[in-house]
2 protein chains.
Amino acid sequence: MQKFDRNSCLREAEIFKALGHPTRLWIVKQLADGQEHCVCEFVEAVGVQFATISQHLTILRQAGLLESDKRGQSVYYRLSCPCIIDTLKCLADKKTE
Amino acid sequence: MQKFDRNSCLREAEIFKALGHPTRLWIVKQLADGQEHCVCEFVEAVGVQFATISQHLTILRQAGLLESDKRGQSVYYRLSCPCIIDTLKCLADKKTE
DNA sequence: ATGTTATTATGTTATATTACTAAATAACAA
DNA sequence: TTGTTATTTAGTAATATAACATAATAACAT
């Protein structure tokens with residue numbers, strides 16, 4: 001058994017924490033097809049305030065899961081770590097056991 | 001873009017939420033070798049109260065990540081979904097980029 | 001320059017989480 | 001039985017998170 005080193009676990013835990021909210025997990029799934037989507041699309045589909053979606057997107061970006069680009073008036077988000085999709089698939093399989 | 005269905009995301013998000021704490025993520029990593037470990041080992045290595053570790057283990061078990069068995073005076077925990085290890089590896093690789 | 005749309009930042013309140021202490025339970029030893 | 005060790009449960013206080021309203025910013029159109 002290793003000795004527990006809090007700091008070395010904090011960064012990785014942050015990634016999972018970011019995924020640990022239904023809205024944020026759903027956003028990641030929407031981006032799993034590799035396509036970009038803009039903030040307004042998420043706002044419309046989820047049905048909450050712009051500010052709330054923006055806050056969730058910031059958390060996902062800070063965790064390193066998303067990247068964004070501003071083009072014209074809109075900000076577009078895409079998945080930065082496609083490996084997360086495999087995990088989601090694995091969990092989906094597990095759910096139907 | 002799909003319509004957002006909160007309930008269908010809640011269960012899966014719970015799994016990630018469980019992993020989104022440094023102590024709990026560390027516990028899962030310790031079990032990643034496939035071996036069982038008892039509660040007291042985690043308590044000693046992490047250096048917090050028994051009650052705190054027990055609480056974390058309960059969260060991981062409820063998320064479906066761990067299974068436990070009581071043998072004699074000790075309760076032994078093991079990983080119930082080895083696929084999570086692949087994800088942890090993938091994230092570890094990503095971290096060194 | 002002014003207005004409009006898209007987005008982010010700030011402040012606030014309600015709720016959830018964390019880690020603790022203390023009490024309860026369960027298995028075994030003396 | 002009594003005591004001891006391992007673990008869980010319950011209650012509590014500090015801290016963190018969520019979602020909102022509102023203000024600020026940024027790009028484009030008129």
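Numbered from 1 within each chain, the chains take letters A, B, ... in sequence-line order. No hydrogens, no waters, no symmetry mates; every other heavy atom, side chains included, goes into these values.
Nucleic acid contact class of A:R71 (heavy atoms, under 4.0 Å, all strands): none. As judged by a 4.0 angstrom heavy-atom cut-off over every strand, A:R61 is placed among residues making no nucleic acid contact.
Closest to the A:Q73 side chain, of the nucleotides D:dT9, D:dA27, C:dT8, is D:dA27. Ranking D:dT9, C:dT8, C:dA9 by closeness to the A:V39 side chain, first place goes to C:dT8. Checking C:dC20, D:dT7, C:dT7 against the side-chain heavy atoms of B:V75 singles out D:dT7 as nearest. The side chain of A:F50 has C:dT7 as its nearest neighbour among D:dT9, C:dT7, D:dA26. Nearest to the side-chain atoms of B:A51 among the listed nucleotides D:dA6, D:dA10, C:dA6 stands D:dA10.
Crowding of B:E67 atom CD: a count of heavy atoms from other residues, nucleotides or ligands under 6.0 Å exceeding 12.
Residue B:E41 contributes atom CD, which lies 15 Å from atom C1' of D:dT5 at whole-angstrom precision. Atom pair A:E14:CD and D:dA16:P shows a separation of 14 Å (rounding to whole Å applied). Atom C1' of nucleotide C:dC20 and atom CD1 of B:I53 are separated by 13 Å, given to the nearest angstrom. Counting to the nearest Å, the P atom of C:dA23 and the CD atom of B:Q49 are 14 Å from each other. At whole-Å resolution of the value, CZ in B:F42 and C1' in D:dT8 are 16 Å apart. Counting to the nearest Å, the P atom of C:dA9 and the CD1 atom of A:I59 are 12 Å from each other.
Taking side-chain N and O atoms only, A:K17 has no distance below 4.0 Å to OP1 or OP2 of C:dT17. At the phosphate of D:dT17, neither OP1 nor OP2 sits under 4.0 Å from any side-chain N or O atom of A:H56. OP1 or OP2 of C:dT8 lies within a sub-4.0 Å distance of a side-chain N or O belonging to A:Y77. For the OP1/OP2 pair of C:dC20 and a distance below 4.0 Å, the side-chain nitrogens and oxygens of B:T52 include at least one atom meeting the criterion.
For B:K3 (side chain) and A:A45 (main-chain N/O), a donor-acceptor pair under 3.5 Å exists by modelled atom type.
Nearest heavy-atom pair, A:I85 versus A:A32, reported as atom, atom and distance to 0.1 Å: CD1-O, 3.3 Å.
Both tests do not hold together for B:R61 against B:Y77: distance to the six-membered ring centre under 6.0 Å, angle to the ring axis within 45°.
Using bins of under 30°, 30° to 60° and over 60° for the plane-to-plane angle, the ring pair A:H56/A:H21 lands in the tilted bin.
A 3.5 Å limit on both hydrogen-bonding distances identifies C:dT21 as the Watson-Crick or G-U partner of D:dA10.
B:Q55 contributes a side-chain N or O that forms a donor-acceptor pair with the base of C:dA19 under 3.5 Å.
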